[in-house]
Amino acid sequence: MSPPATAHVDLPVDGMTCGACVSRVEKALLATPGVRGAAVNLVTRRASVTFAPDAISVEGVARAIEDAGYVVPSIPVAGDARGSGEGVAGLDARLDAERATLTRDLAVSVAFSVPLLVLGMSHGAIPGADGAAGRALQFVLATLVVMGPGRRFFSLAWSALRHRSADMNTLVAMGNGAAWAYSTVALLSPSWFVHASHGALPHLYFEVPGATISFVLLGKWLETRARKRLTDAVRGLVSLRPPVALRVIGEVEAIVETDRLARGDLVRVRPGDRVPCDGEVVSGESALDESMLSGESLPVDKSPGSRVIGGTLNRHGMLLVRVGATGSGTALARIVAAIEEAQGSKAPIATIADRVSGVFALFVLALAVVTFVVWLAASPDSAGLSIAVERFVAVLVVACPCALGLATPAAVAVGTGRGAELGVLVKGGAALEAASRVTSVMLDKTGTLTLGQPKLTAAVAVAGVDEAELLRLVGSAELGSEHPIARALVSGARDRGLVLASPLSFRADPGGGVSANVEGREVRVGTARYLAAAKIDFSSLSVQADELAARGESPSFVVVDGALAGLVAVADSVAPEAAGAIRRLLAMGLKVAVVSGDREAVVRSISGTLGIAAFHAEIRPEDKARLVQAERADGHVVAMVGDGINDAPALAAADVGVTVARAADIAAAASDVALLGGTIAALPTALELARATLRTIRQNLFWAFVYNVVGLPLAAGALVPLTGWQLSPVFASAAMSLSSVSVLLNSLRLRRFVPSERGVPPRARG
């Protein structure tokens, strides 16, 4: 068998420190033959790569990353389970190791830098501090910091230089290296710098590399601590899966590792235990807490035949469960995999920061050189050289592309994780950004606004046709359909004790009806439009159909052997959560409309009950897509909400496709957003969270840009002639270190996002 046209792999990447690193890795990957696409995430330290397996292997992809100067600590092998949480576990391990190293380096740096700062900034207050011994001690302390904890920056800067690039490490290394080199020369050859008129010894800047390296390390230490919290949601989901299970074989019960369970095994779930796998209840009754998977706060009752989801909590009763899926096949694993993929994706707004970060370090280097030349030209004596060096160093250390690189992925990671906790699965940064801009919501009716469990309510036969026979033929014809109305008709016929016959042939017209051969008779069941297309007169039953529709029931005409035989009707109850969800959507200022294939009277009744003014009835699936496209053409950003079956064309045509699904059905939800609770109750929450996330991204980008717009001129001394304001290298390094930490902390506020209720605006408490 020939290999697939494209394949996908997620690779961990170590060594990235800022947005410039992300840009370099992406450029290296995209320049590699066989690589079709690449997205690199600074927060998750992961490269998501699409490639042609017949042109390049996974090892080749990893080699391209390493050739760019970074490290791929592990390469996934065939059979690795996605959604097992290994991505988060691996990231945690690497962050823990990085934090341990940073803790050691920070302790050493602070231990040497504190006395260095005291000596360097004493200005004669400490006896002997400005003497030969004091100046020599400063040299020793600064050298220990630069060559010890600061060595990492020089090593990474050299790696970037070898690849003809520049990043944050380049700026830190050049700034500290320049300050240390200038001070060393001034210490060893003071005659080069002695002021001609005063004979004073040149000022030393040894405290600058000591303080800046300490501040940068402190910022990185705080960053690793905050970064670990970005994936708390995934970590929480992974922890739901119990490590062991109570397997039952005959009369024997044994505790085994969950990974050893196989499909068909029986497991006992005791009160207080978590279900180890997806499966079906064989015996026992209980209520399971599914809130972490679906956002549904109330426990869900389970009895023999009920489906259960791995990771859910058994509140009381004892259950015997037959294993249906384990490992990566479980709903929990699929949700974890989807969240990990979403957290590793990019929002389109990130391209702004990516473009800036890619050239930012080079721009800062150029600005630092210009600053040095200008200040030296303004005062070419030794005092001017000292000031020029100070400004040069301040410009290099104040600039930090880290905040720009973290602004978007940090918010996306927290936002998608928080969404999962609230029963909303957003499949990527692009979907999140699109959802934040939605102005129009178009809703399917059956299974979305209604429970999707219609029941047979009426059967009307024309003269000469037996009602029971009519129902038997209808139920038999609908056996081949999975539509909710078809299931209601089949169940209604069987509930009346009728024996159904399998159709010899079957054809479905989506949004119209079905035709089947039942025991040699041609049976058609469908809408008025469906019969009109077949040129069948149904006017004799139009009045009865209109009366049923006016009561909110959905009538379908029945034709047997080309002649009208009667009609049947089903009714679907409005979902209890629908009214509240619609109120919240309208309170958000959104345009809301119902789009349904059902009769106009039925759709009008449902829409009126829910307070929705706009509706479209008797719409075929392909026409739903055209309505969505027309709405977009009018300037709206459209979210289409449906059950993912007949609504597939419309979901694909919308800016944001939203499916209503149970957590166990998430694998089939090929949409941008999935509402895991099985109702639209979480739809306003999804849109509110998307808005809050994009607002956070904009805040992050704003402050990251403002920080540099304000910091760089101050560091360069541009305001000294006007206001006397300046920024010393020490304070510049402190500001630089805190900038990325502030972006992470602002993003983490989304962890406390609280959705609105009854139209009250949402909040992200912090």
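Arg322 places no side-chain N or O within donor-acceptor distance of the main-chain N or O of Leu266, the cut-off being under 3.5 Å. Panel note: side chain Thr457, backbone Ala569; a donor-acceptor pair is recorded below 3.5 Å. Side-chain N or O atoms of Thr659 include none that pairs as donor or acceptor with a backbone N or O of Ala674 at under 3.5 Å. Under the 3.5 Å distance criterion, the side-chain polar atoms of Thr693 are matched with a main-chain donor or acceptor of Leu689. Here the side chain of Ser306 pairs a donor or acceptor atom with the backbone of Ser303 at under 3.5 angstrom. Listed for the Arg584 side chain is no donor-acceptor partner under 3.5 Å among the backbone atoms of Pro755. Within the 3.5 Å criterion, the main-chain N or O of Arg270 finds a donor-acceptor partner in the side chain of Asn314.
Side-chain contact check for Leu683 versus Leu443: some heavy-atom pair is nearer than 4.5 Å. For the pair Glu478/Val523, no side-chain contact is recorded, criterion being any heavy-atom separation below 4.5 Å from C-beta on. At a threshold of 4.5 Å between non-hydrogen side-chain atoms, the residues Arg45 and Pro12 do not count as touching. Side chains of Asp265 and Val256 form no contact here, defined as non-hydrogen atoms less than 4.5 Å apart. With contacts defined as side-chain heavy-atom distances shorter than 4.5 Å, the pair Val275/Leu288 qualifies. Contact of the Lys427 side chain with the Asp672 side chain is not registered, since no non-hydrogen atoms from C-beta on lie closer than 4.5 Å. Asn41 is not listed as a side-chain neighbour of Ser48, based on a closest heavy-atom distance of 4.5 Å or more. Using a 4.5 Å cut-off on side-chain heavy atoms (C-beta onward), Ile309 and Asp278 make contact.
Listed by first and then second residue, the salt bridge (Lys or Arg N to Asp or Glu O under 4.0 Å) pairs involving residues 444-460 are Asp444-Lys624, Lys445-Asp598 (not counting sequence neighbours).
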Original post:
salt bridge (Lys or Arg N to Asp or Glu O under 4.0 Å) between Arg274 and Asp289: does it pass, once the steps are laid out?
Top reply: CA-CA 9 Å; Arg274 291 195 177 273; Asp289 182 353; over 6 Å; no

**OP:** Quick one: do Ile680 and Leu585 satisfy side-chain contact (heavy atoms from CB on, under 4.5 Å)? Show the steps, please.
**Re:** CA-CA 11 Å; Ile680 67 163; Leu585 292 174; 5.6 Å; no

**OP:** Go through the steps to decide whether Ile606 and Val594 satisfy the test side-chain contact (heavy atoms from CB on, under 4.5 Å), and finish with yes or no.
**Re:** CA-CA 9 Å; Ile606 297 292; Val594 179; 5.9 Å; no

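Residues Cys277 and Val267 come closest through the heavy atom pair SG-CG2, 4.4 Å. Heavy atoms only, all atoms of each residue included: Gly642 and Leu651 are closest at N-CD2, 4.1 Å. The two residues Ala459 and Glu467 come nearest to each other via the heavy atoms O-OE1, 3.4 Å.
In this structure, CZ on Arg524 lies 15.0 Å from CG on Leu473, to the nearest 0.5 angstrom. Atom CD of residue Glu469 and atom OG of residue Ser476 lie 8.5 Å apart, to the nearest 0.5 angstrom. Summarising the geometry, atom OG1 belonging to Thr312 is positioned 9.5 Å from atom CG belonging to Leu332; distances are rounded to the nearest 0.5 Å. Atom OG1 of Thr416 is separated from atom CZ of Arg418 by 12.5 Å, given to the nearest 0.5 angstrom. Here the OG-CG distance, from Ser573 to Leu449, works out to 13.0 Å after rounding to the nearest 0.5 Å. Residue Met318 holds its CE atom at 9.0 Å from CG of Asp273, rounded to the nearest 0.5 Å.
For Tyr530, there are no ring pair (Phe, Tyr, Trp, His ring centres under 6.0 Å) partners at least two apart in sequence or on another chain.
More than 12 heavy atoms of other residues, nucleotides or ligands lie within 6.0 Å of CD in Glu522, so this atom counts as buried by the packing criterion.
Salt bridge annotation for Asp301-Arg315: absent, with no cationic side-chain nitrogen under 4.0 angstrom from a carboxylate oxygen. Ion pairing between Glu519 and Arg472 holds under the 4.0 Å rule for side-chain N and carboxylate O.
Remark: the Thr326 side chain and the Arg260 side chain contain no N/O donor-acceptor pair separated by less than 3.5 Å.
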